[in-house]
Amino acid sequence: MIRLKGLDLLALGFMTFALFLGAGNIIFPPSAGLAAGHSLWLAALGFLLTGVGLPLLTVVALARVGGGMDRLTAPLGRGAGTLLAVAVYLAIGPLFATPRTAVVSFEMGVAPFTGNAAIPLFVYTVLFFAATLFLAINPGQLVNRVGKFITPVLLAALLVLGGAAVFAPAGDIGTTAESYRNGPLLKGFLEGYLTMDTLGALVFGIVIATAIRDRGVSEPALVTRYSMIAGAIAALGLSLVYLALFYLGATSQGIAGEAQNGVQILTTYVQHTFGTTGSLLLAVVITLACLTTAVGLTTACGEFFSGLMPVGYRTVAVVFTLFSLLVANQGLIQLISVSVPVLVGLYPLAIMLVALSLLDRCWVSPSRVFIPVMAVTLVFGVADGMSAAGFTDLVPVLFTRLPLAAQSMGWLVPVLVTLAIAFAVDRLLGQRRLAS
């Protein structure tokens, strides 16, 4: 029986950290910290629950079932499982995550010199996605080499940035915005959705488990254990990054109080602390990191949809890249505003899917529990998403009066009640079956 050594586990942990570290992990903590102000630590705790805790649990859940999303969604049936997988891949692919990599790198690297005009954004995104498509269609060893170069450089840049945020803050912790005054923990929890890391973990979890098996580890218990260790290393790294960036945002109200997103906060802080040279270096590193992320997401989506439909991988990659180009040119603020309602509706499904999978030993027949719980989660999650999008007139009044409905968490109580009922029915039917 082959076991991994300490250095192998550390390398696995860094690989997992690199998989998750993308544009959203860098731009959302500063903006949340800026708004949280004196409620910084409660908001950061909520953010860590969804930005770190849920992805870690997802990695563990996938390792336990020994496969990808198809294994997790098996109790739902093939049709429902496929629909959920399609929604997840579209969200982390051409709808939100992939376009966001281009817009973030533009706003951090080019916009400070050209402004946020439409023409510079279009020219940049054309070049960005041309490079993405080239690397996604002809990856060879180039992507691996770039990834090996970018990850340590990005880690070094984040270490310098985090150290500066802690030891050379731009000012004192600012005031708390209206949105964070009531329930900063829950607000931070919802902000963690925007990283999309839980959805990404549904795709990357199988990559981690496969990497462990490729090293000769075949024992399922060891695969699960090593996945947990790798996830814990990545979780620790992400937590440190998030906390430093939260503090950076909270202490930057004096210099970036009018900033509209995390990119503007970061560029303002780096310019203030390190000058133009520091801004240029950070812009280059973030741009290359976003490019490798875009290549990875495009490749993953291409492989998934080419296996799902009678369409070649290259065709899917081209279509999705062109669609990402169109979405990216809507701008970062518009992209975030559109993604929030979708993520509010989609994240509860991911949360419950992982939770039910981790508790699989509690179910006599998983389908009897999964199907009703996920169905109720879908209904109330969609209602919360519609409310977040501003379509409150279309949401039944009863839904808006549920506990936590105003915080886009109205799904929680109905789902927990459904889970309790499904658990009782599952146990009762299971006992009757044994008796018969």
Check: L308 and V86 side chains under 4.5 Å, non-hydrogen atoms: yes
Heavy-atom pair with the smallest gap, counting every atom of F14 and I233: N-CG2, 4.5 Å
Working for side chain to side chain contact (heavy atoms under 4.5 Å, CB included), residues V327 and F323: CA-CA 6 Å; V327 174; F323 189 85; 3.5 Å; yes
Spacing of S227 atom OG and L12 atom CG [to the nearest 0.5 Å]: 7.0 Å
Close side-chain approach of L202 and L72, heavy atoms under 4.5 Å: yes
With L199, the side chain to side chain contact (heavy atoms under 4.5 Å, CB included) member among L346, L54, T58: L346
Atom CG of N182 with >12 non-hydrogen neighbours under 6.0 angstrom: no
Minimum-distance pair of heavy atoms, taken over all atoms of A383 and V395: O-CG2, 3.7 Å
Ionic contact status for D70 with R78, cut-off 4.0 Å: no
P403 vs V413 side-chain heavy atoms within contact, under 4.5 Å: yes
Heavy-atom donor-acceptor pair, W363 side chain to F370 backbone, under 3.5 Å: no
Minimal non-hydrogen separation, L62 against A201, with atom names: CD1-O, 3.1 Å
Worked verdict on I351 versus T198 for side chain to side chain contact (heavy atoms under 4.5 Å, CB included): CA-CA 8 Å; I351 292 172; T198 300; 5.5 Å; no
L266 side chain reached by L245 side chain, heavy atoms, under 4.5 Å: yes
Taking every non-hydrogen atom, the tightest pair across V373 and A422: CG2-CB, 4.4 Å
Approximate separation, where rounding is to 0.5 Å, of T392 OG1 and M386 CE: 9.5 Å
D384 and S408 side chains, donor-acceptor separation under 3.5 Å: no
Shortest non-hydrogen separation from I336 to S339 and the atoms involved: O-OG, 2.9 Å
Between CG on residue L236 and CG on residue L56, distance to nearest 0.5 Å: 11.0 Å
N/O donor-acceptor pair under 3.5 Å between T50 side chain and F189 backbone: yes
Within 6.0 angstrom of M228 CE, more than 12 heavy atoms from elsewhere: no
Backbone of V364 reached by a side-chain donor or acceptor of D426 within 3.5 Å: yes
Step-by-step side chain to side chain contact (heavy atoms under 4.5 Å, CB included) determination, L135 to L291: CA-CA 9 Å; L135 293 174; L291 179 61; 4.2 Å; yes
Stepwise side chain to side chain contact (heavy atoms under 4.5 Å, CB included) test for V379 and W411: CA-CA 8 Å; V379 171; W411 61 273; over 6 Å; no
Distance, nearest 0.5 Å, that separates CD1 of I212 from CG of L9: 8.0 Å
Atom pair CG (L34) and CD (Q253), whose distance is rounded to the nearest 0.5 Å: 5.0 Å
Other residues, nucleotides, ligands: >12 heavy atoms within 6.0 Å of L7 CG: no
Mutual orientation of the aromatic rings belonging to W41 and Y247 [parallel < 30°, tilted 30-60°, perpendicular > 60°]: parallel
Aromatic ring pairing F47/Y242, orientation class (parallel under 30°, perpendicular over 60°, tilted between): perpendicular
Trace of the ring pair (Phe, Tyr, Trp, His ring centres under 6.0 Å) decision for F320 with F305: CA-CA 10 Å; F320 278 17; F305 283 100; 5.2 Å; yes
Heavy-atom donor-acceptor pair, Q264 side chain to Q260 backbone, under 3.5 Å: yes
Test item: D360 and R64 side chains (from C-beta on) under 4.5 Å apart, heavy atoms: yes
Note, F20 side chain near M196 side chain (heavy atom, < 4.5 Å): no
S39 and R181, any side-chain heavy atoms less than 4.5 Å apart: no
Side-chain H-bond candidate by donor/acceptor type, S105 with Y124, under 3.5 Å: yes
Contact summary for L248 and A165, nearest pair of heavy atoms: CB-CB, 3.6 Å
Any donor-acceptor pair under 3.5 Å from T315 side chain to V311 backbone: no
Side chain proximity check, L349 to V88, heavy atoms < 4.5 angstrom: no
Check: H38 main-chain N/O paired with T176 side-chain donor or acceptor under 3.5 Å: yes
Atom pair OG1 (T101) and CG (L297), whose distance is rounded to the nearest 0.5 Å: 7.0 Å
